[in-house]
Amino acid sequence: MTTWVPTAYRTHTLGEIQTLGADLIDKTVTVAGFMEANRGKGAICFVDLRDGTGTTQVFLKANTIGAESLDLVQRMTRESTLQFTGTVSLKRPPKVKEGEPTPPPAYEVLATSVEVIARAEAPLPLGVTDTVNVELDTRLDNRFLDLRRAHVNAMFRLRGKVLQFGRQHLITEGFIETHTPKIVATATEGGTDLFPMQYFETPAYLNQSPQLFKQLCMSGGLERVFEIGPAFRAEKHDTYRHLNEFISFDIEVSWANDDDVMGVLERMLHHIWKSVAEEEESQGLIATINAYRATQEEEAIEVIVPELPFPRMEYCDAIRIIKEKGGTIEWGDDIDAENSDLLAEDLPQFYFLPRWPMSLKPFYIHHVEGEIGSTDQQLSRGFDLNFGRDEMTSGGQREHRIDVLIDNLKNMDLDPEEFEFYVAGFRHGVPPHAGWGLGVERILMKLTGAKNVRETVLFPRDRKRFCP
RNA sequence: GCCCGCUUGGUGUAGAGGUUAUCAUGCAGGAUUGUCAUUCCUGCGACCCGGGUUCAAUUCCCGGAGUGGGCGCCA
């Protein structure tokens with residue numbers, strides 16, 4: 001349970017007026033919030049007041065609050081911030097049609113005074129309680145108002161929950177939380193464009209992932225680390241699932257191989273899903289999202305806890321199955337969206353794709369000599385985790401043998417000298433280690449049914465948007 | 001970067017070479033109401049920009065800008 005400590009502006013939250021209402025009857029309280037709606041233009045008026053914990057009706061009578069204050073509230077615009085002092089009372093039950101159940105008792109505040117903290121300008125750029133659809137672009141331009149909408153607010157509370165449950169699980173498995181630098185000197189670990197920046201007199205970059213640094217933590221004997229932090233990629237992609245700044249949930253584990261960290265991943269995701277499905281507050285957030293979806297005639301989202309272990313579909317088998325289904329692909333190709341759709345037909349939820357060809361993986365991925373695929377090419381210990389058609393995670397066992405590592409760099413046309421800070425960490429003994437990076441926003445998409453990854457980020461950064 | 005759409009009140013939409021430009025929501029005013037998605041009445045508010053075709057363009061054509069979707073690549 002959350003403990004709400006009174007503040008300078010309110011003695012109770014609006015949620016508490018409802019949950020503690022029976023004990024608060026006739027007590028004087030001060031509450032504050034956004035005015036969702038007001039009704040009544042005569043000698044009485046009702047205000048729906050909303051704060052972060054819920055909504056409560058405030059009842060105003062001319063002879064209790066005074067004609068002047070009543071008039072002020074009656075003229076107030078929606079979403080204005082108001083503070084009321086008054087006494088808690090039992091709300092008169094609504095008229096119910098015959099046969100319908102009587103709703104549980106609700107409480108209201110009979111106002112004795114009001115303070116207008118801020119009047120909201122009208123018209124609102126988007127309706128907070130309106131049922132009309134609002135386009136994502138309009139929403140993001142006015143995110144502060146969009147966030148006031150119940151289902152959007154719930155999305156971000158749920159985001160916090162997901163991170164909390166994930167963090168909680170890793171800590172129980174002995175992980176420690178770390179932070180690695182986001183300003184880096186090395187151009188790239190391959191595969192992506194970076195944002196250049198100026199670091200005093202020297203060119204530098206925003207980091208694309210904590211990869212190389214978390215490996216140095218392994219060399220440093222930290223054994224089990226995780227990090228939840230931003231990653232920056234300057235790719236000019238424009239899709240429902242890409243961002244130029246996203247939050248990467250990363251782990252790295254010593255004395256472990258790819259199978260070991262796949263285990264960590266599926267246990268963590270299982271814990272997150274299970275917790276969201278079972279925890280009361282999370283269920284409430286899901287219910288809020290579903291209430292909105294119902295107004296948009298969208299199907300309710302259901303939190304289906306995935307079974308352990310997640311299915312494994314090795315790369316070679318995936319290629320074979322795609323071919324059987326009529327997809328165009330050759331061994332050694334990346335699996336594109338169209339072909340991922342074919343795999344997703346049979347694997348609509350989480351599944352691992354282990355043992356990719358070494359040729360498709362970055363220099364830091366480990367391979368075991370003799371592990372070869374169906375065309376006699378070297379396999380790697382790299383894996384992906386998909387949810388249906390979408391990639392959630394990329395991971396693998398890392399190359400801890402310094403000579404192989406340097407060969408890999410050379411084979412991929414990278415200059416080992418540029419990676420000296422990294423290679424140096426391998427000169428004095430490194431435990432075999434493995435890890436992964438998980439896209440937090442993509443997980444949120446799957447959990448909340450969001451069709452666009454931007455919905456799961458407060459202020460998304462994409463090709464066209466970096467403000468607000 | 002490539003391909004395909006779209007752009008109409010604050011928001012979301014309907015629509016047509018000549019209309020009083022539709023509906024919902026919103027906003028303003030009024031009637032009713034201890035209301036509770038109130039109900040009812042009245043009113044307000046819009047065709048992205050530039051050029052072309054035409055007697056006439058918001059509608060057709062070209063260009064631009066903005067935006068949405070798909071793809072590549074990725075998390």
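To find a chain, count down the sequence lines: A is the first, B the second, and so on, and within it residues start at 1.
Nucleotides B:G12 and B:G68 have their P atoms positioned 11 Å apart, rounded to a whole Å. The same atom, P, is picked in B:G15 and in B:U38; the two are 30 Å apart, to the nearest Å. As rounded to the nearest Å, B:G18 and B:C23 have C1' atoms that lie 23 Å from one another. Separation of the P atoms belonging to B:U20 and B:A14 is 23 Å when rounded to the nearest angstrom. Remark: the separation of the P atoms in B:U7 and B:G45 is 24 Å, to the nearest Å. When the C1' atom is compared between B:U19 and B:G26, the two are found 25 Å apart, to the nearest whole Å. Rounded to whole Å, the C1' atom of B:U59 lies 26 Å from the corresponding atom of B:C3. Across the P atoms, B:U8 and B:U67 are found 13 Å apart, a figure rounded to whole Å.
Backbone-only engagement by A:Ala337 is indicated by non-hydrogen atom pairs under 4.0 Å involving sugar-phosphate atoms exclusively. Here A:Thr239 lies in heavy-atom contact (under 4.0 Å) with a base. Residue A:Glu441 is classed as having no contact, given no heavy-atom separation below 4.0 Å to the nucleic acid. Using a 4.0 Å heavy-atom cutoff across all strands shown, A:Leu243 reaches at least one base atom of the nucleic acid. At the heavy-atom level, A:Asn452 lies under 4.0 Å from the strands shown only through sugar-phosphate atoms. Backbone-only contact: A:Asp336 has heavy atoms under 4.0 Å from sugar-phosphate atoms and none from a base.
A 3.5 Å limit on both hydrogen-bonding distances identifies no Watson-Crick or G-U partner for B:A75. Summarising the base pairing, B:G18 is matched to B:C55 through a Watson-Crick or G-U wobble pair whose two defining distances lie under 3.5 Å. Across every strand in view, B:G45 sits unpaired, with no contact that passes the Watson-Crick or G-U test at under 3.5 angstrom. If you check B:U13 for Watson-Crick or wobble pairing at under 3.5 angstrom, you find it has no partner at all. Remark: B:U39 base-pairs with B:A31; criterion is Watson-Crick or G-U wobble with both hydrogen-bond distances under 3.5 Å. In this entry B:G66 has B:C6 as its Watson-Crick or G-U wobble partner, both defining distances falling under 3.5 Å.
For A:Glu235 against B:G1, no side-chain N or O and base N or O form a donor-acceptor pair under 3.5 Å. If you check distances only, the side chain of A:His242 does reach the base of B:C73 with a donor-acceptor pair under 3.5 Å. No hydrogens or angles were tested; on distance alone, a donor-acceptor pair under 3.5 Å links the side chain of A:Arg442 to the base of B:C74.
Residue A:Thr138 places no side-chain N or O under 4.0 Å from the OP1 or OP2 atom of B:U11. The phosphate of B:U38 (OP1 or OP2) has a side-chain N or O of A:Arg39 nearer than 4.0 angstrom. Considering only side-chain N and O atoms, A:Arg78 lies under 4.0 angstrom from the phosphate OP1 or OP2 of B:C27.
Rounding to whole angstrom units, CZ of residue A:Arg148 and P of B:U11 are separated by 17 Å. The separation between A:Asn339 atom CG and B:C71 atom P is 12 Å, rounded to whole Å. For A:Asn63 and B:G34, the CG to P distance is 14 Å, given to the nearest whole Å. Taking atom CZ of residue A:Arg149 and atom P of nucleotide B:G12, one finds them 10 Å apart after rounding to whole Å. Rounded to whole angstrom, the span from the CG atom of A:Asp238 across to the P atom of B:G5 amounts to 17 Å. Taking atom NZ on A:Lys61 and atom C1' on B:G34, their separation rounds to 9 Å, with Å as the unit. Put simply, CD1 on A:Ile17 is 23 Å from P on B:C36, counting in whole angstrom units. Separating the CG atom of A:Leu444 from the P atom of B:A75 is a distance of 18 Å, rounded to the nearest angstrom.
Dense packing is recorded around CG of A:Asn63, with more than 12 heavy atoms of other residues, nucleotides or ligands lying under 6.0 Å away. Few gaps surround CD on A:Glu177; more than 12 heavy atoms of other groups in view lie less than 6.0 Å from it.
Under the stacking criterion of a centre-to-centre distance below 5.5 angstrom and an interplanar angle below 30°, A:Phe59 is not stacked against the six-membered ring of B:G34.
Nearest-nucleotide mapping onto RNA chain B: of A:Ile44 and A:Asp137, the residue sitting toward the 5' end is A:Ile44. When the nearest nucleotides of RNA chain B are assigned to A:Thr77 and A:Gly437 by heavy-atom distance, the more 5′-ward of the two goes with A:Thr77.
Checking B:U67, B:A75, B:U25 against the side-chain heavy atoms of A:Val132 singles out B:U25 as nearest. For A:Asp130, taking side-chain heavy atoms from C-beta onward, the closest of the listed nucleotides B:U35, B:C73, B:U25 is B:U25. In the set B:U13, B:G70, B:G1, B:G1 carries the atom at the smallest distance from any side-chain atom of A:Arg463. The nucleotide whose nearest atom lies closest to any side-chain atom of A:Arg389 is, among B:C71, B:U11, B:C73, B:C71. Across B:C36, B:A75, B:C74, the shortest atom-to-atom separation from the side chain of A:Gln57 is found for B:C36. Here the side chain of A:Glu108 is nearest to one of B:A75, B:U35, B:U67, namely B:U35. Proximity note for A:Asn133 (side chain, C-beta onward) versus B:G12, B:C74, B:G10: the nearest is B:G12. Here the nucleotide nearest the side chain of A:Asp334, chosen from B:C73, B:U67, B:C36, is B:C73.
A:Gln57 and A:Arg39 form a side-chain donor-acceptor contact under 3.5 Å, judged by distance and modelled atom types alone.
Separation of the A:Phe383 and A:Trp436 ring centroids does not fall under the 6.0 Å cut-off. Ring-centre distance between A:Trp273 and A:Phe350: below the 6.0 Å cut-off. Between A:Phe46 and A:Phe59, the distance separating the two ring centers is shorter than 6.0 angstrom. Aromatic rings from A:Phe363 and A:Phe419 are positioned such that their centres are separated by under 6.0 Å.
Panel note: side chain A:Asp260, backbone A:Asn257; a donor-acceptor pair is recorded below 3.5 Å. Although no hydrogens or angles enter the test, the distance criterion places no donor-acceptor pair under 3.5 Å between the side chain of A:Lys214 and the main chain of A:Phe226.
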